[in-house]
Amino acid sequence: MNDGLQIPASLLPQDGRFGSGPSKIRTDQMAALDEGSTSLMGTSHRKPPVRRLVASIRDGLRSFLRVPDGYEIALGNGGASAFWDIACACLIDHRAAFGSYGSFSAKFAMEAENAPFLDSPVLFSSQPGTYRLPDLTDGVDAYCWAHNETSTGVSAPVSRIGGSARQGALILVDGTSAAGALPVDIAQTDAYYFSPQKAFGSDGGLWFAVLSPEAIERAYSIETSARQEAKDRWIPAFLSLTSALENSRKEQTLNTPAVATLILMENQIRWLNDHGGLDWATSRCEESARTLYDWAERSDYASPFVTDQDARSHSVVTIDLDPSVDAATVVSRLTDNGIVDTSGYRKLGRNQLRIGVFPSVDPKDVQALTRCVDYVVSRI
Ligand SMILES: *Cc1c(COP(=O)(O)O)cnc(C)c1O
């Protein structure tokens with residue numbers, strides 16, 4: 001496996017996991033799994049111990065994300081990808097507009113395009129490495145984009161599209177690789193949704209959504225008319241946002257969740273809140289990201305992929321390498337030394353490193369990573 005290139009131990013990070021999701025899970029989270037090995041694992045998700053865990057997650061998220069009064073937190077199985085289909089079924093009335101600037105933002109738009117009961121979405125696209133918010137558009141009832149485009153390392157602003165409230169339109173923001181790492185004002189959104197395996201350093205499988213009163217009202221109205229009057233759309237029980245919400249209010253999920261994921265998530269939210277909440281988390285990620293961007297700017301073989309400084313993500317950092325330095329070789333030498341998941345997004349196809357710097361990653365380990373990359377590049 002190892003071609004003999006050994007990075008000196010003194011240069012190595014303490015923990016070599018830099019994935020953009022699944023991402024590093026802290027050892028304390030794994031210890032929490034162990035502690036729950038007989039009290040939580042293998043017990044019913046409808047009984048108090050697991051329900052208390054869910055309650056702690058929902059309460060913890062409420063204070064961590066400073067959720068405004070009237071908003072509610074729902075969760076269910078299937079990850080953010082499932083939430084895209086839930087949104088198509090229960091939140092988009094007729095037509096949505098999308099900012100599309102990478103793999104994840106494009107995937108949600110594609111779901112809306114394929115939903116037979118929705119009008120074709122209006123797409124506002126831009127090149128990978130940039131972002132594009134949707135413009136105010138007649139006849140649109142939902143505006144959708146990603147806070148952080150994980151495939152390219154671009155972060156986009158989260159603020160209501162001017163005039164959209166007058167239209168009665170909803171703002172649906174994919175916060176999957178942003179929630180927990182980037183600042184956000186939830187009041188600017190009607191649904192801010194994410195999966196637990198990115199900034200929350202948990203395992204995958206669940207989605208979480210912070211829902212405004214308007215989003216909740218929209219879901220009830222669409223689901224009621226689909227069932228009783230118009231019958232113009234089929235809403236599978238698994239994709240019903242109102243049943244997810246009603247289960248969430250009882251600290252449950254519609255169907256059986258992975259209890260281990262809940263334990264990891266609960267531990268992480270408590271850890272984040274104990275250290276100072278969102279401000280602490282976002283400044284820690286900013287420090288790590290700055291280390292990488294500054295290093296790349298100084299380097300003679302690396303440069304930040306995202307040219308607009310304000311759009312450079314503080315959670316997923318993309319660094320282009322000079323064509324004379326083969327990124328795949330660098331990634332493979334790093335992997336040989338226990339530094340994993342630093343390759344660029346496959347479909348983007350660039351000579352690039354992509355590094356997840358979520359709150360669980362120690363900023364010191366990010367510094368160590370830059371030294372390891374320099375070491376590897378100087379020897380290949
Ligand atoms: C990872 C990711 C998703 C998909 O999450 P799953 O849990 O795999 O469904 C969606 N959007 C963004 C921005 C992501 O980073």
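Everything quoted here is computed from the prediction, not taken from an experiment. Atoms considered below: every heavy atom in the structure, side chains included; atoms not considered: hydrogens, waters and symmetry mates. Along the sequence shown, residues are numbered consecutively beginning with 1. One-based numbering, in listed order, for ligands and for the atoms of each.
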Trainee: Check this for me: W234, atom CH2, are more than 12 non-hydrogen atoms of other residues, nucleotides or ligands nearer than 6.0 Å?
Mentor: no
Trainee: Any nitrogen or oxygen of L206, main chain or side chain, under 3.5 Å from a nitrogen or oxygen of ligand 1?
Mentor: no
Trainee: Looking only at the side chains, is there a donor atom on one of S313 and S155 sitting less than 3.5 Å from an acceptor on the other?
Mentor: no
Trainee: Checking R312 against Y293: charged group under 6.0 Å from the ring centre and within 45 degrees of the axis?
Mentor: yes
Trainee: Looking at S195, which atoms of ligand 1 are within less than 4.0 Å of one of its heavy atoms?
Mentor: 5 (O), 6 (P), 7 (O)
Trainee: Provide the number and element of each atom of ligand 1 under 4.0 Å from a heavy atom of G79.
Mentor: 7 (O), 9 (O)
Trainee: Does Q127 have more than 12 heavy atoms from other residues, nucleotides or ligands lying within 6.0 Å of its CD?
Mentor: no
Trainee: Take atom CD of E217 as the centre, draw a 6.0 Å sphere, and report whether it contains more than 12 heavy atoms from other residues, nucleotides or ligands.
Mentor: no
Trainee: Which residue and non-hydrogen atom of the protein lie closest to atom 1 (C) of ligand 1, and at what distance in Å?
Mentor: K198 NZ, 1.4 Å
Trainee: Under the ring pair (Phe, Tyr, Trp, His ring centres under 6.0 Å) test against F83, which residue among F108, W207, F208 passes?
Mentor: W207
Trainee: What atoms in ligand 1 come closer than 4.0 Å to a heavy atom of S81?
Mentor: 4 (C), 6 (P), 9 (O)
Trainee: What is the nearest protein non-hydrogen atom to atom 11 (N) of ligand 1, stated with its residue, atom name and distance?
Mentor: D174 OD2, 2.6 Å
Trainee: Is there a heavy atom of N148 sitting under 4.0 angstrom from any atom of ligand 1?
Mentor: yes
Trainee: Checking contacts here: is it the side chain or the backbone of Y345 that comes within 4.0 Å of ligand 1, counting heavy atoms only? Could be both or neither.
Mentor: neither
Trainee: Tell me, which protein residue and heavy-atom name are nearest atom 8 (O) of ligand 1, and how many Å apart are they?
Mentor: Q197 NE2, 3.6 Å
Trainee: Taking everything shown except R346 itself, do over 12 heavy atoms lie less than 6.0 Å from its CZ?
Mentor: no
Trainee: When you measure from the centre of the six-membered ring of Y375, is the NZ or CZ of R379 under 6.0 Å away and within 45° of the axis?
Mentor: yes
Trainee: Atom 15 (O) of ligand 1: which protein heavy atom is closest, and how many Å away?
Mentor: T150 OG1, 2.4 Å
Trainee: With a cut-off of 4.0 Å, which atoms of ligand 1 are near a heavy atom of W84?
Mentor: 10 (C), 11 (N)
